[in-house]
Participant: 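Before I ask anything, here is the structure I am working with.
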Amino acid sequence: MSTTRISMMGVPLDANSSFLRGCAEAPAAVRAALHSGSANAATEAGLDIVPLIDDLGDLLLDNTPGSNADMVTIADAIDAELTRGRPVISIGGDHSITYGTLAGVVRSQGRVSVVHIDAHPDTYDDHDGNPLSHASPFARAWENDLIERHTQIGIRTANHHQREQAARFGIQVVPPCELDRVGEVLPDGPVYLTIDLDGLDPSAAPGVSHHEPGGLTFRELLDVIDLLRGRIIAADIVELNPTRDLVDMTAMVAAKLVKEVAGAILSP
């Protein structure tokens, strides 16, 4: 069994959500599912992973719209864990947290390639007058030189502006109907993996604020994780909204992803 340990931190932030609040409650829901007696602690590869995950608890955040202080707190926490040699999985929270987590990664690791699972590009130049909206984290990350290469998988809502942004930043976009080419476009270098649960089809993840039919199956998402060639140095799982969940179904999906991503991080 691997002796490497993984840090998990809750990021209870939903003030930058554009439609519904509720994602700030997600870290507690994921923890409850992760330690539920209804599931084993092992990955599908047989690694007893839960005992190798150190839960750091939740960050203390203002959770106010457009708070730069919250982004600094997130970046500081990620940087601290990576600096001491600990891979990190963040459980959110809305997708705005990824701007802060990437800022922390870059401090200690330099720019990394981002593999991004989502229904939405999250590259708005401006959304509702909030530059830190959960619809804009990757625009801010590109503008601040935090990304080496960016592959988006599962996108199925890109409007004209977002398509222009993809061209502007050189983002590789793989919609669900083109999953057969994912292996050809995944990066080789160090990877930051960000999983917005609405990248999955709502039938697999109903507990999200933005239901977008036509998404990935859970097995397709696991296949993408298995295909990653680059070393995963950090990851986040975001946009679980427990107020929309059904019988904790999406919380269990998120907990399963924590285990499988942690297993991928520790795989040789």
Side-chain angles (χ1 to χ4, degrees), residues 7-34 55-82 88-107 114 116-124 126-144 146-147 192-199 205 207-210 234-245 250-251 253-255 257-258 261:
S7 295
M8 182 179 76
M9 65 176 64
V11 189
L13 178 66
D14 60 6
N16 295 314
S17 296
S18 60
F19 178 54
L20 295 174
R21 296 285 187 96
C23 292
E25 301 174 28
V30 175
R31 289 189 184 94
L34 188 63
D55 188 349
L56 305 182
D58 287 352
L59 298 179
L60 297 177
L61 302 172
D62 295 331
N63 197 26
T64 56
S67 172
N68 285 297
D70 281 348
M71 293 301 156
V72 171
T73 297
I74 296 167
D76 287 346
I78 296 292
D79 179 30
E81 291 307 299
L82 293 177
V88 189
I89 298 176
S90 303
I91 49 175
D94 65 38
H95 217 159
S96 69
I97 77 166
T98 305
Y99 175 47
T101 55
L102 280 172
V105 168
V106 168
R107 288 186 198 170
V114 172
H116 170 194
I117 311 297
D118 208 330
H120 316 96
D122 292 350
T123 51
Y124 277 106
D126 176 78
H127 195 276
D128 294 336
N130 179 3
L132 297 182
S133 168
H134 72 159
S136 302
F138 300 102
R140 303 292 86 82
W142 273 105
E143 290 164 358
N144 287 275
L146 304 183
I147 300 177
Y192 183 93
L193 175 62
T194 176
I195 301 175
D196 184 326
L197 290 167
D198 67 32
V208 297
S209 297
H210 300 267
D236 65 52
I237 299 165
V238 298
E239 294 287 349
L240 167 64
N241 187 339
T243 70
R244 303 264 280 175
D245 209 358
T250 315
V253 165
L257 286 170
V258 168
V261 171

Participant: To check you understand the geometry: which heavy-atom pair defines the closest contact between Ile117 and Gly199, and what is its length?
Facilitator: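 Closest approach of Ile117 to Gly199: CG2-CA, 4.4 Å.
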Participant: Partners of Ser96 by side-chain hydrogen bond (donor to acceptor under 3.5 Å, both in side chains), sequence neighbours excluded?
Facilitator: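 By the side-chain hydrogen bond (donor to acceptor under 3.5 Å, both in side chains) rule, Ser96 matches Asn16, Asp94.
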Participant: Side chains of Leu13 and Asn63: does their closest heavy-atom pair fall under 4.5 Å?
Facilitator: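 They are in side-chain contact.
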Participant: Could you tell me the separation between the CG atom of Leu257 and the CD1 atom of Ile89, rounded to the nearest 0.5 Å?
Facilitator: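 It is 9.5 Å, given to the nearest 0.5 Å.
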Participant: Under the criterion side chain to side chain contact (heavy atoms under 4.5 Å, CB included), which of Thr73, Val11, Val106, Val88 is the partner of Ile78?
Facilitator: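 Between Ile78 and the candidates, side chain to side chain contact (heavy atoms under 4.5 Å, CB included) is satisfied uniquely by Val88.
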Participant: May I ask you to decide if Pro131's main-chain N or O and Arg140's side chain share a donor-acceptor pair within less than 3.5 Å?
Facilitator: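 Checking the backbone N and O of Pro131 against the side chain of Arg140, a donor-acceptor pair under 3.5 Å is found.
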Participant: For Arg244 and Ser209, which heavy atoms make the closest approach, and how far apart are they?
Facilitator: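 Closest approach of Arg244 to Ser209, heavy atoms only: NH2-O, 3.3 Å.
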Participant: Return the minimal non-hydrogen interatomic distance between Pro65 and Ala15, and the atom names on each side.
Facilitator: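 Heavy-atom minimum between the residues: N-CB, 3.4 Å.
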Participant: Tell me, with the steps shown, if Ile237 and Met8 meet side-chain contact (heavy atoms from CB on, under 4.5 Å).
Facilitator: CA-CA 11 Å; Ile237 299 165; Met8 182 179 76; over 6 Å; no
Participant: Keeping Ser90 on the side-chain end and Met9 on the backbone end, is there a donor-acceptor pair under 3.5 Å?
Facilitator: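 The answer is no, because no donor-acceptor pair under 3.5 Å joins these two groups.
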Participant: Would you give the length of the straight line joining atom OH of Tyr99 to atom CG of Asp70, rounded to the nearest 0.5 angstrom?
Facilitator: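 Going from the OH atom of Tyr99 to the CG atom of Asp70 covers 13.0 Å.
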Participant: With sequence neighbours excluded, what pairs up with Thr64 under the side-chain hydrogen bond (donor to acceptor under 3.5 Å, both in side chains) test?
Facilitator: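 Counting only residues at least two positions away or on another chain, Thr64 forms no side-chain hydrogen bond (donor to acceptor under 3.5 Å, both in side chains).
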Participant: If every non-hydrogen atom of Ala254 is compared with every non-hydrogen atom of Val30, which pair is closest and at what distance?
Facilitator: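 Scanning both residues completely, I find the closest heavy atoms to be CB-CG2, 3.8 Å.
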Participant: Taking salt bridge (Lys or Arg N to Asp or Glu O under 4.0 Å) as the test, write out the residues that go with Asp62, two or more places apart.
Facilitator: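 For Asp62 there are no salt bridge (Lys or Arg N to Asp or Glu O under 4.0 Å) partners, ignoring immediate neighbours.
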Participant: Going by the rule ring pair (Phe, Tyr, Trp, His ring centres under 6.0 Å), which residues pair with Phe138 if we only count those two or more places apart in sequence or in a different chain?
Facilitator: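 Expected list: His95, His116, His150.
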Participant: About how many Å separate CG of Leu61 and CD1 of Ile74, when rounded to the nearest 0.5 Å?
Facilitator: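 CG of Leu61 is found 5.5 Å from CD1 of Ile74.
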Participant: Minimum heavy-atom separation for Ala251 to Ala33, with atom names?
Facilitator: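 Of all heavy-atom pairs spanning Ala251 and Ala33, the closest is O-CB, 3.5 Å.
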Participant: Roughly how far, to the nearest 0.5 Å, is the OG1 atom of Thr98 from the CG atom of Asp122?
Facilitator: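 If I round to the nearest 0.5 Å, the distance is 8.0 Å.
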Participant: Any pair with a residue in residues 18-34 that passes side chain to side chain donor-acceptor pair (under 3.5 Å), sequence neighbours left out, goes on the list, sorted by first then second residue, please.
Facilitator: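 Sorted result for residues 18-34: Ser18-His134, Arg31-Asp55, Arg31-Asp58.
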Participant: Work out which heavy atom in Ala29 is nearest to a heavy atom in Leu240; give both atom names and the distance.
Facilitator: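 Reported closest heavy-atom pair: CB-CD2, 4.2 Å.
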Participant: Go through the steps for Ile147 and Tyr192 under the test side-chain contact (heavy atoms from CB on, under 4.5 Å), then give the verdict.
Facilitator: CA-CA 9 Å; Ile147 300 177; Tyr192 183 93; over 6 Å; no
Participant: Rounded at 0.5 Å granularity, tell me how far CG in Asp14 sits from SG in Cys23.
Facilitator: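 One gets 6.0 Å once the value is rounded to the nearest 0.5 Å.
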Participant: Under the rule for side-chain contact (heavy atoms from CB on, under 4.5 Å), what residues qualify as partners of Pro121, not counting sequence neighbours?
Facilitator: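 Residues passing side-chain contact (heavy atoms from CB on, under 4.5 Å) with Pro121: Thr123, Gln152, Ile155, Thr157, Ala158, Gln162.
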Participant: State which residues pass side-chain hydrogen bond (donor to acceptor under 3.5 Å, both in side chains) with Asp198; sequence neighbours excluded, sorted by chain then number.
Facilitator: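 So Asp198 forms a side-chain hydrogen bond (donor to acceptor under 3.5 Å, both in side chains) with His120.
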Participant: With sequence neighbours left out, write down each residue that passes side-chain hydrogen bond (donor to acceptor under 3.5 Å, both in side chains) with Asp128, or none if nothing qualifies.
Facilitator: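 Listed in chain order: nothing, the list is empty.
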Participant: Could you walk me through whether Leu56 and Glu81 pass the side-chain contact (heavy atoms from CB on, under 4.5 Å) check?
Facilitator: CA-CA 10 Å; Leu56 305 182; Glu81 291 307 299; 3.5 Å; yes
Participant: Once rounded to the nearest 0.5 Å, what's the spacing between atom CD1 of Ile97 and atom CG of Asp236?
Facilitator: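 Answer for the CD1-CG pair, Ile97 versus Asp236, is 5.0 Å.
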Participant: Start with the C-alpha gap between Asp76 and Arg107, add the side-chain angles, then the distance that decides, and say whether side-chain contact (heavy atoms from CB on, under 4.5 Å) holds.
Facilitator: CA-CA 9 Å; Asp76 287 346; Arg107 288 186 198 170; 2.6 Å; yes
